[in-house]
Amino acid sequence: KQAKARTAPETVCPHESAYLWRWFCEVLNGASGGGMGPVTVAWVDIRAWSDLTGETVEPWEARLLLRLSAKRAEIVSKDIGKTNGPPRQN
């Protein structure tokens, strides 16, 4: 028998949490970044975004935005490593 090809299950953001993804994208677009590596969201970015937009962010929502940012940076860094290949030896 031939093995069935595995496909990743489709991931859908639940309607109830879609606002968090929208917030994350907005905060990330305004984040200043550190110059090295992928831009990440910091507490100060969330505070500035909240102050400017008038959105009230609960502590658990802010922590989740930070976790999303860290995971995104991890994935982007891995992707950059794949495209750049191994470091050159002199």
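No hydrogens, no waters, no symmetry mates; every other heavy atom, side chains included, goes into these values. This structure is a prediction, so every number in the text was calculated from the model and none was measured.
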Close side-chain approach of [X] to [Y], heavy-atom, < 4.5 Å:
X: Arg72; Y: Thr40; answer: no
X: Asp51; Y: Arg47; answer: yes
X: Ile46; Y: Leu66; answer: yes
X: Glu74; Y: Lys78; answer: yes

Exercise for review: Please indicate whether Trp21 has more than 12 foreign heavy atoms, meaning atoms of other residues, nucleotides or ligands, lying under 6.0 Å from its CH2.
Suggested key: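 No - once you tally the heavy atoms of other residues, nucleotides and ligands closer than 6.0 Å, there are 12 at most.
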
Review point. Would you say Arg67 has more than 12 foreign heavy atoms packed within less than 6.0 Å of its CZ?
Key: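 Not more than 12 within 6.0 Å, no.
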
Check your understanding: If you round to the nearest 0.5 Å, how far is SG of Cys25 from CG of Leu20?
Key ->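 If we round to the nearest 0.5 Å, Leu20:CG and Cys25:SG are 11.0 Å apart.
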
Determine all donor-acceptor pairs shorter than 3.5 Å in which one atom belongs to a side chain in residues 53-62; sequence neighbours excluded.
residue	atom	partner	partner atom	Å
Thr53	OG1	Trp49	O	2.8
Thr53	OG1	Glu55	N	3.3
Glu61	OE1	Glu58	N	2.7
Glu61	OE2	Tyr19	OH	2.5

Point to revise | Least distance between heavy atoms, Ala73 atom then Pro38 atom | key: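 In terms of heavy atoms, the two residues are closest at O-CG, 3.6 Å.
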
Point to revise | N/O donor-acceptor pair under 3.5 Å between Asn29 side chain and Glu26 backbone | key: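 It does not hold such a pair.
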
